[in-house]
Each structure stands twice: as structure tokens, then as C-alpha cells.
> 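Questions regarding the structure given below will be posed in turn.
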Amino acid sequence: MRDQIRRSMPLFPIGIVTKLTELTPRQVRYYEQQGLIQPARSEGNQRLFSFNDVDRLLKIKSLMEKGVNIAGVKEVLQQEDLQKAREQQQLQEAALSQPAASKASRSPISDTQLRRLLKRQLSELSARPNQSHLIRGELSRFFH
DNA sequence: GTTCTAACA
DNA sequence: TGTTAGAA
């Protein structure tokens, strides 16, 4: 989960983001006003976007291009956030249910539990297809 | 040179 | 959503 903290690191200004996403500064700022993204701020009050923010903006763009309005995008993203939270909670619980000895070893959770979790998450993924996965994969090249 | 906020012939 | 004005 150390990857998450890196992806949420405030890195680039709006100029970079607009080139990365093909969105106008106006759009990016507007989406923030609508609560779709929450970029950090520098000392000079300038927005600093993380990889997650860019990822999110690409998702927003993708939905908008499909004809989804702000309200719709809001719902999709909110529902997705809730889903992420659940998945996280499940992983936490799975980790806590393991003996301390196992945690220190290479296998944090048992194979059966791991299979169960993966199976569940795969079904959830297929039930909610995301075109943005491709775009996100492309973008990750810049940061890895 | 960039980005920010606010406002609109 | 585009664009512009004035400030940081």
C-alpha cells in the first residue's frame, strides 16, 4: 500500500495537468469547484495535483465524452469512492484476522483468503467496466 | 511566464 | 464553457 501514498503525492501544477489530460484550466478548476477532485495547494495558493488527481480527471473526461453530465459524474465517482473504501476495509480486516507471526512472513494472508478476496474484486471489476484503465496504464509510464 | 479568482458584449 | 481583467 506504499504505492498509494506515492500516487497521492502533490506534484504538478495545472499547466502540466492540462497537457496530460487535454482539459482546459477552466474545466479543471470547475471540476474542483464541483467537488470532483481535491488537489493540494502550494504556499502561493497554486494547485498541486497528484497522480491520483490526474487519474481522476481522465476518468471524468472519459465520462463527459460519453455524454454524462456533472451530476452523473459525481454519482459515479462517489459510488466508486465508496467501493474503494469497502475494498480497503476488507483488506484491513483480512490483515487483522491474521496471527502476528504470519504478518511478519512473506504471506500476509492465507492462500484461501487471498483467493477469496481476488475472486470478489475481479467480479466487482468486471461488473463495472472502466475504459480509463487503459489510459491510466499509459500514463503510469511517466511516473514509473 | 504561470496561475488564481471573479465576472460577463 | 470560453474568455478576460487584475493581482500574486
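By convention in this document, chain letters (A, B, ...) are assigned in the order of the sequence lines, proteins followed by strands, and residues within each chain are numbered from 1.
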> At their closest point, which heavy atom of A:Leu36 faces which heavy atom of A:Ile70, and how far apart are they?
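What the structure gives for the nearest pair is CD2-CG2, 4.5 Å.
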> Check each residue of residues 25-38 of chain A for a non-hydrogen atom within less than 4.0 Å of any atom in DNA chain C, then write out the ones that pass by number, or none.
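Only A:Arg26, A:Gln27, A:Tyr31 qualify.
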> Could you please name the partner base of B:dC8, counting Watson-Crick and G-U wobble pairs only when both distances are under 3.5 Å?
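Pairing partner: C:dG2.
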> Considering residues at least two apart in sequence or located in another chain, which fulfil the side-chain contact (heavy atoms from CB on, under 4.5 Å) criterion with A:Asp81?
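Counting only residues at least two positions away or on another chain, A:Asp81 forms a side-chain contact (heavy atoms from CB on, under 4.5 Å) with A:Arg56.
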> B:dC4 C1' sits how many Å from A:Arg47 CZ, rounded?
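Spelled out: CZ on A:Arg47 to C1' on B:dC4 is 7 Å.
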> Between C:dT1 atom C1' and A:Glu22 atom CD, what is the distance in whole Å?
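That distance rounds to 17 Å.
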> Is there a donor-acceptor pair under 3.5 Å between the side chain of A:Ser62 and the backbone N or O of A:Leu58?
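No, the answer is negative, given that no donor and acceptor are paired below the 3.5 Å cut-off.
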> Does A:Lys61 reach the main-chain N or O of A:Glu22 with its side chain, forming a donor-acceptor pair under 3.5 Å?
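No, because the side chain of A:Lys61 does not come within donor-acceptor range (under 3.5 Å) of the backbone of A:Glu22.
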> Might you work through the side-chain hydrogen bond (donor to acceptor under 3.5 Å, both in side chains) test for A:Gln83 and A:Arg86, ending with a clear yes or no?
CA-CA 5 Å; A:Gln83 188 58 37; A:Arg86 289 173 194 158; 3.2 Å; yes
> Find out whether A:Arg41 and A:Gln46 are in side-chain contact, i.e. whether some heavy atom of one side chain is under 4.5 Å from a heavy atom of the other.
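No. Closest side-chain heavy atoms not under 4.5 Å.
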> Reckon A:Gly44 touches a base, only the sugar-phosphate, or nothing at all at heavy-atom distances under 4.0 Å?
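Answer is nothing: A:Gly44 stays at 4.0 Å or more from every strand.
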> Taking the nucleotide of DNA chain C with the nearest heavy atom to each, does A:Ile70 or A:Gln46 sit closer to the 5' end?
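Closest to the 5' end, via its nearest nucleotide, is A:Ile70.
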> Could you state the NZ-P distance from A:Lys19 to B:dG1, rounded to the nearest angstrom?
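In whole Å, B:dG1 P and A:Lys19 NZ are 13 Å from each other.
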> Are OP1 or OP2 of C:dT1 and a side-chain N or O of A:Thr24 less than 4.0 angstrom apart?
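Negative; the distance criterion is not met.
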> Separation of A:Glu65 atom CD from C:dT1 atom P, in whole Å?
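Atom-to-atom, A:Glu65 to C:dT1, this comes out as 10 Å.
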> Rounded to whole angstroms, how far apart are CG on A:Leu48 and P on B:dT3?
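A:Leu48 atom CG is separated from B:dT3 atom P by 11 Å.
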> Measure the distance from CD1 on A:Ile16 to P on B:dT3 and round it to the nearest whole Å.
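Checked: the CD1 to P distance equals 8 Å.
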